[in-house]
Amino acid sequence: MNPEDTSRRKVLKGGILAAGVATVPGLVMPTLAQGERIVPFTDVPDTFQVNPVRPNSTHWQDTRQISEFLTDNDDFYLVQHYGQPEIDNDAWRLRVTGMVDNELEFSLRDLMNEQIMEQQVGFECGGNSQRLFHGLIGNAIWRGVSLKRILERAGIQDGAKEIVFFGSDIATEEIRGREVEKAFARSLSIPDAMRDENMLAFEMNGEPLPHYHGKPLRLVVPGWYGVANVKWLNQIHVQNTRYMGRFMGRDYVTLKREEVGGVERWVENSVTTMNLKSAITRVTELGGNYRVHGFVLNDGTPLRSVEVKIDDGPWQQADMNPNNTQYSWKLFSLNWNNPSPGEHRLVSRVTDINGNVQATPDQLPEKVSYWEDFGQFQRTVRI
Ligand SMILES: Nc1nc2c(c(=O)[nH]1)N[C@H]1C(S)=C(S)[C@@H](COP(=O)(O)O)O[C@H]1N2
Ligand SMILES: [Mo]
């Protein structure tokens with residue numbers, strides 16, 4: 001993103017706040033055109049609140065505010081399970097250890113002197129849900145270095161199976177009655193880790209990676225749920241066993257009833273790539289013209305279509321935002337001509353080029369865990 005864009009957005013936002021047009025946090029609609037208004041959803045309870053950014057706490061967006069392609073760093077959702085560790089960028093090091101030919105150590109400056117890559121990547125927390133109107137979400141431009149290049153330089157030895165990414169955030173966990181100190185960590189198989197898209201990011205939307213988003217360095221695994229994107233990264237370890245830590249083996253594990261070779265079984269899976277999902281986030285009106293807006297997230301498979309259905313009408317093809325890229329969120333909108341006064345039901349569905357269609361909630365496999373909420377999501381608005 002060019003730096004002018006950032007400053008323009010800041011000024012605009014600040015301007016609106018200063019002018020007192022909207023002062024209630026969570027109800028600021030930054031980029032409504034003159035005369036444009038948000039059509040109220042009738043499914044959002046009065047008690048619904050956006051969790052603002054506070055130290056060591058979860059923050060979600062009001063998705064009715066999604067009007068820009070890139071999420072401001074300050075609005076981008078926040079999830080951290082062990083708090084936000086203080087890190088001194090000068091003292092910080094990244095180490096690559098384990099089954100490698102050369103163990104490596106990098107300062108932030110060393111990494112910045114490597115070949116740089118830049119990518120738009122949007123993601124959501126695997127625990128994002130309809131209850132939060134999918135507010136645990138964001139889309140940004142990330143800059144950093146290629147994970148694959150770093151791993152190639154280290155030289156992965158034969159027999160290695162997994163690569164573990166450790167954060168600097170540590171907490172005491174009670175496991176079977178014993179208290180142990182554990183760092184947040186996630187692992188990837190070698191082929192998953194060696195994807196060209198994976199990056200070690202030190203910049204977010206043109207700014208040094210903010211403290212809350214994992215400064216000075218985080219892993220970004222495009223197409224995967226947020227949990228894969230380890231923040232405050234300080235060690236990459238190559239090993240020949242499966243990493244079974246809490247966020248791989250116990251939390252962020254789905255439990256679904258599935259057919260396994262003809263036998264119905266309850267299957268547990270670690271949360272990995274994002275499921276094909278769309279959701280409607282806002283409806284706007286300008287001079288009697290209505291528009292329905294929403295987003296798509298998936299694993300990066302190209303899309304065939306996004307459609308919106310109003311009440312019992314036909315599925316109508318939505319327009320895709322021209323800024324969409326493979327791993328960004330994909331924004332869409334649909335002109336809604338002459339809606340009749342009263343309450344209306346709206347739902348969206350996305351189809352990818354392989355013909356996979358976003359399922360209705362009843363078509364999804366029976367699921368016990370709340371991870372991966374990706375069924376079609378019906379909204380109601382009043383005209
Ligand atoms: N070190 C560390 N990295 C972490 C986490 C964490 O608790 N510690 N939480 C993960 C989860 S569950 C999510 S959804 C994303 C959230 O990233 P964000 O806060 O930058 O949006 O970070 C992931 N990376
Ligand atoms: Mo998450």
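Only heavy atoms go into these numbers, but all of them, side chains included; no hydrogens, no water, no symmetry mates. In listed order, ligands and their atoms are each counted from 1.
- In summary, the atoms of ligand 1 found under 4.0 Å from a heavy atom of Gln80, numbered by their order in the structure, are 6 (C), 7 (O).
- Closest protein heavy atom to atom 12 (S) of ligand 1: Tyr252 OH, 2.8 Å.
- Scanning all protein heavy atoms for the shortest distance to atom 11 (C) of ligand 1 gives Val227 CA, 3.6 Å.
- At a cut-off of 3.5 Å, with distance as the only test, a side-chain donor of Thr97 or His237 sits close to an acceptor on the other residue.
- The protein heavy atom nearest to atom 24 (N) of ligand 1 is Asn229 O, 3.0 Å.
- The closest side-chain heavy-atom distance from Val253 to Ser369 is not below 4.5 Å.
- Scanning all protein heavy atoms for the shortest distance to atom 3 (N) of ligand 1 gives Lys231 N, 2.8 Å.
- What sits closest to atom 8 (N) of ligand 1 on the protein, heavy atoms only, is Asp169 OD2, 2.6 Å.
- Residue, atom and distance of the protein heavy atom nearest to atom 4 (C) of ligand 1 are Phe184 CE2, 3.5 Å.
- Those atoms of ligand 1 that come under 4.0 Å of a heavy atom in Phe76, given as number and element, are 21 (O).
- In the candidate list Tyr77, Phe166, Trp60, Phe123, Tyr77 is nearest to atom 14 (S) of ligand 1, counting heavy atoms.
- Closest non-hydrogen pair, Asn240 versus Lys161, comes out as O-NZ, 3.5 Å.
- Taking each heavy atom of Ile38 and Arg64 in turn, the nearest pair found is CD1-O, 4.0 Å.
- Nearest heavy atoms, Ala154 versus Val96: CB-CG1, 3.9 Å.
- Under a 4.0 Å N-O distance rule, the pair Asp312/Arg345 qualifies as a salt bridge.
- Among all protein heavy atoms, the one lying closest to atom 7 (O) of ligand 1 is His81 N, 2.8 Å.
- Counting heavy atoms under 4.0 Å from ligand 1, residue Phe247 does not touch it at all.
- Proximity of a side-chain donor or acceptor of Arg265 to a complementary backbone N or O of Val260 within less than 3.5 Å is not detected.
- For Val79, heavy-atom contacts with ligand 1 shorter than 4.0 Å involve the backbone as well as the side chain.
- In terms of polar-atom proximity, His213 is counted as a contact of ligand 1, with an N or O under 3.5 Å from an N or O of the ligand.
- Across every non-hydrogen atom of Ile66 and Arg282, the tightest pair is O-NE, 3.5 Å.
- When hydrogens are left out, the protein atom nearest atom 22 (O) of ligand 1 is Arg218 NH2, 3.5 Å; that is the closest non-hydrogen contact.
- Scanning all heavy atoms of the two residues, the minimum distance from Pro210 to Met204 falls at CD-SD, 3.8 Å.
- Between Arg304 and Gln317 the shortest heavy-atom distance is O-NE2, 4.3 Å.
- Looking at ligand 1, you won't find any N or O of Tyr212 less than 3.5 Å from one of its N or O atoms.
- Of the candidates Cys125, Gly226, Ala185, Ala140, it is Gly226 that places a heavy atom closest to atom 13 (C) of ligand 1.
- Taking a cut-off of under 4.0 Å to the non-hydrogen atoms of Val230, the atoms of ligand 1 that pass are 3 (N), 24 (N).
- The local environment of CZ in Phe48 is crowded, with over 12 non-hydrogen atoms from other residues, nucleotides or ligands closer than 6.0 Å.
- When heavy-atom distances to ligand 1 are checked against a 4.0 Å cut-off, Leu233 has no atom that comes that close, whether in backbone or side chain.
- Near Trp232, meaning under 4.0 Å from any of its heavy atoms, are these atoms of ligand 1: 1 (N), 2 (C), 8 (N).
- A ring-ring contact (aromatic ring centres under 6.0 Å, His included) with Phe76 holds for exactly one of Phe123, Trp60, Tyr212, Trp329; it is Phe123.
- Close approach to Leu78 involves these atoms of ligand 1, each under 4.0 Å from a residue heavy atom: 19 (O).
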